[in-house]
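What follows is a set of notes on a single structure, which appears directly below.
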Amino acid sequence: MATMTSLIGLINKIQRACTLLGDHGGEGMSLWEILPSVAVVGGQSSGKSSVLESVVGRDFLPRGSGIVTRRPLVLQLHKTESGTECAEFLHAPKKRFTDFVAVRKEIADETDRITGKTKQISNIPIHLSIYSPNVVNLTLIDLPGLTKVAVEGQSETIVEDIENMVRTYVEKPNCIILAISPANQDIATSDAIKLARDVDPSGERTFGVLTKLDLMDKGTNAVDVLEGRAYRLQHPWVGIVNRSQADINKNVDMILARRKEREYFETSPDYGHLASRMGSEYLAKLLSEHLELVIRQRIPSIIALINKTIDELNAELDRIGRPIATDGGAQLYMILELCRAFDRVFKEHLDGGRPGGDRIFGVFDNQLPAALKKLPFDRYLSLKNVQKVVTEADGYQPHLIAPEQGYRRLIDGAISYFKGPAEASVDAVHYVLKELVRKSIAETQELKRFPSLQTDIATAANESLEKFRDESRKTVLRLVEMESSYLTADFFRKLNAEPEKNLNPSDKKKNAEPDKNPNQSGHTGDRLNESYLRRIGSNVNAYIAMVCDTLRNTVPKAVVYCQVKEAKRSLLTNFYAQVGSREKERLSAMLDEDPQLMERRIQIAKRLELYISARDDIDAVCWK
Ligand SMILES: Nc1nc2c(ncn2[C@@H]2O[C@H](COP(=O)(O)OP(=O)(O)OP(=O)(O)O)[C@@H](O)[C@H]2O)c(=O)[nH]1
């Protein structure tokens with residue numbers, strides 16, 4: 001079974017590692033939060049520093065009037081078998097202090113480094129480890145003393161600020177509270193007890209410490225408090241006699257002070273019966289034993305938290321991606337895999353499964369028919385324009401039978417109107433595809449960490465789409481031009497057949513005077529009569545309607561063939577060819593990651609290392 005030394009040593013080690021990672025509490029459940037610690041709480045001048053120092057057995061804490069402790073001091077005591085005592089700060093790990101006067105100065109300087117030489121406070125802790133044969137393994141947190149009023153140079157909120165900071169430490173269920181109250185004040189007015197009662201009403205994690213027993217008025221004693229009658233706590237009260245200011249001035253050393261304290265209790269008529277449970281040494285032992293008990297109880301939940309965190313960190317590493325291979329072949333493989341992932345998402349957009357592909361159907365089903373409908377054939381085939389085109393078509397020559405050239409010109413002119421909607425369909429589908437490329441890049445999880453590759457893929461895909469658009473435009477224009485290049489003769493044959501039904505065909509052939517029938521040639525003297533022009537207009541209109549029906553069906557086919565199918569088939573084909581011939585340096589550049597993400601990965605990896613080593617340490621200690 002684990003020894004007390006190894007258990008507390010283990011917790012010390014994990015706490016130090018937490019601080020290295022900047023994990024000293026804060027938001028969320030952290031390892032730091034679950035590790036047990038002892039916080040020293042009390043009003044100013046209640047004797048906190050004195051208690052801490054006598055537990056440690058050395059003078060090392062800054063002294064002075066006013067607010068001295070302005071940052072939490074996390075003090076880790078490590079018991080060594082032998083050797084000289086030394087101290088080490090986490091912020092200066094290579095420097096070993098053997099002179100405790102220098103330790104005191106370093107605490108003061110390090111406090112100022114964060115807070116400046118003001119009287120402000122900060123909740124960023126200072127970590128100090130003390131290695132000594134004269135200490136027990138213990139982690140103590142010294143906190144600024146609770147005050148009642150702000151003094152000159154302090155902000156109005158200082159009283160509240162200190163209380164809030166102390167509270168953040170002591171309200172955590174893992175915190176053992178060392179509540180320091182001076183015996184020469186009424187226990188009912190103790191700031192430490194007041195706060196401890198607030199955050200630990202059952203008193204199960206509060207240790208009451210009564211200082212300054214030697215300063216009580218003659219004839220009074222604190223037996224009521226020390227025996228738990230004045231204020232009941234789950235743990236026994238411990239009385240302490242620290243060095244007086246006069247002792248400090250006379251440089252009474254700690255060893256002597258402890259001996260004097262022991263003698264005080266042993267010879268005291270009031271406290272003699274309690275002597276074995278009084279004094280700084282007893283307090284240190286009591287705390288250490290309690291801490292061990294708490295750690296033992298906590299180990300299962302610490303292991304559970306560590307395991308849960310390791311799983312979460314691994315999952316996050318998977319999500320943001322593992323580090324990239326350095327080998328060129330592996331990088332090429334990775335780039336192609338990423339392109340394929342993008343391509344899959346893009347195809348899902350087109351084929352369904354993800355939204356967007358339906359907008360292409362919308363172009364053919366709504367936009368194209370609406371644009372065709374809006375073509376200005378009414379104006380183009382107005383009586384006036386028909387007359388103008390037909391008249392101009394044959395130049396100075398009179399029309400003989402039917403205005404053949406006039407018909408052709410009118411039809412040609414009308415068909416050229418279809419170019420607009422056909423090209424607009426090409427463009428509309430182009431923009432839908434471009435948007436789908438953008439969306440697909442954004443939605444490809446695997447690509448998220450590679451902004452450079454995202455840009456490269458977008459550029460390559462858009463270049464391909466431009467090419468497809470050009471091809472598609474040529475094709476639809478060709479479809480329109482084809483309609484002009486050879487007209488459907490059948491349509492006119494049927495048209496000619498209709499009026500002939502009303503006439504006697506033999507008569508028509510015989511007299512060979514078409515001009516006489518206005519329905520046939522429409523000549524009135526030199527000019528075509530109005531109803532004949534109307535008939536030309538309506539014939540051309542009917543022909544155009546037929547062409548329109550055809551194009552409404554063929555333009556979408558051409559667009560899908562040239563743009564959509566090509567996009568599905570070969571959006572990145574050129575890109576693959578280019579990438580395949582690229583140098584390793586360029587491949588690495590394509591896999592450049594977002595610097596923030598890289599930083600995040602390093603952080604997670606560090607954290608993961610801490611948690612894994614913490615788990616190993618716990619395993620090692622528990623199996624000992
Ligand atoms: N006689 C005697 N004096 C004590 C005792 N405990 C503390 N003192 C004196 O009380 C004064 C304040 O003690 P500190 O230990 O500095 O008290 P603190 O709570 O750390 O004070 P701040 O850091 O200012 O909040 C010092 O002059 C100590 O010598 C004690 O048990 N007996």
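For ligands, and for the atoms within them, numbers begin at 1 and follow the listed sequence.
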Practice item. Classify the contact between Leu215 and ligand 1 as side chain, backbone, both or neither, using a heavy-atom distance cut-off of under 4.0 Å. Key: side chain

Check your understanding: Does a side-chain N-to-carboxylate-O contact under 4.0 Å join Glu261 and Arg258?
Key -> no

**Study point:** Option whose closest heavy atom lies nearest to atom 9 (C) of ligand 1, chosen from Arg243, Glu53, Gln44, Glu261
**Key:** Arg243

Review point. Any N or O on Thr211 sitting closer than 3.5 Å to an N or O of ligand 1?
Key: no

Point to revise | Residue Arg277 excluded, over 12 heavy atoms near CZ under 6.0 Å | key: no

Exercise for review: Could you tell me whether some N/O pair between Gly145 and ligand 1 is separated by less than 3.5 angstrom?
Suggested key: no

Review point. Any ion pair linking Arg113 and Glu110 (charged N to carboxylate O, less than 4.0 Å)?
Key: yes

Exercise for review: Give the minimum heavy-atom separation between Cys86 and Arg96, together with the two atoms involved.
Suggested key: SG-NH1, 3.1 Å

Check your understanding: Against heavy atoms of Gly43, which atoms of ligand 1 measure under 4.0 Å?
Key -> 19 (O)

Point to revise | ring pair (Phe, Tyr, Trp, His ring centres under 6.0 Å) against Phe450, all qualifying residues, sequence neighbours excluded | key: none

Revision key, fill the gap. Taking only non-hydrogen atoms of Ser50 and a 4.0 Å limit, the atoms of ligand 1 in range are 7 (C), 13 (O), 14 (P), 15 (O)

Revision key, fill the gap. The ring pair (Phe, Tyr, Trp, His ring centres under 6.0 Å) partners of His273 (sequence neighbours excluded) come to none

Review point. So which bit of Asp214 gets within less than 4.0 Å of ligand 1, heavy atoms only: side chain, backbone, both or neither?
Key: side chain

Review point. So, does Ser46 sit close enough to ligand 1 that a heavy atom of it is under 4.0 Å from the ligand?
Key: yes

Review point. Considering only heavy atoms of Gln245, which atoms of ligand 1 have at least one such atom less than 4.0 Å away?
Key: 26 (C), 27 (O), 29 (O)

Exercise for review: Kindly identify the option in Leu143, Asp247, Asn242, Thr147 whose heavy atom sits closest to atom 30 (C) of ligand 1.
Suggested key: Asn242

Study note, to complete from the structure: Contact region, Val51 to ligand 1, non-hydrogen atoms below 4.0 Å, reads neither

Practice item. Examine ligand 1 and decide if any of its atoms is less than 4.0 Å from a heavy atom belonging to Pro182. Key: no

Review point. Which of the atoms in ligand 1, numbered in the order shown and given with their element, are less than 4.0 Å from a heavy-atom of Ser45?
Key: 12 (C), 17 (O), 18 (P), 19 (O), 21 (O), 22 (P), 24 (O), 25 (O)

**Study point:** Atoms in ligand 1 with a heavy atom of Ile248 nearer than 4.0 Å
**Key:** 29 (O)

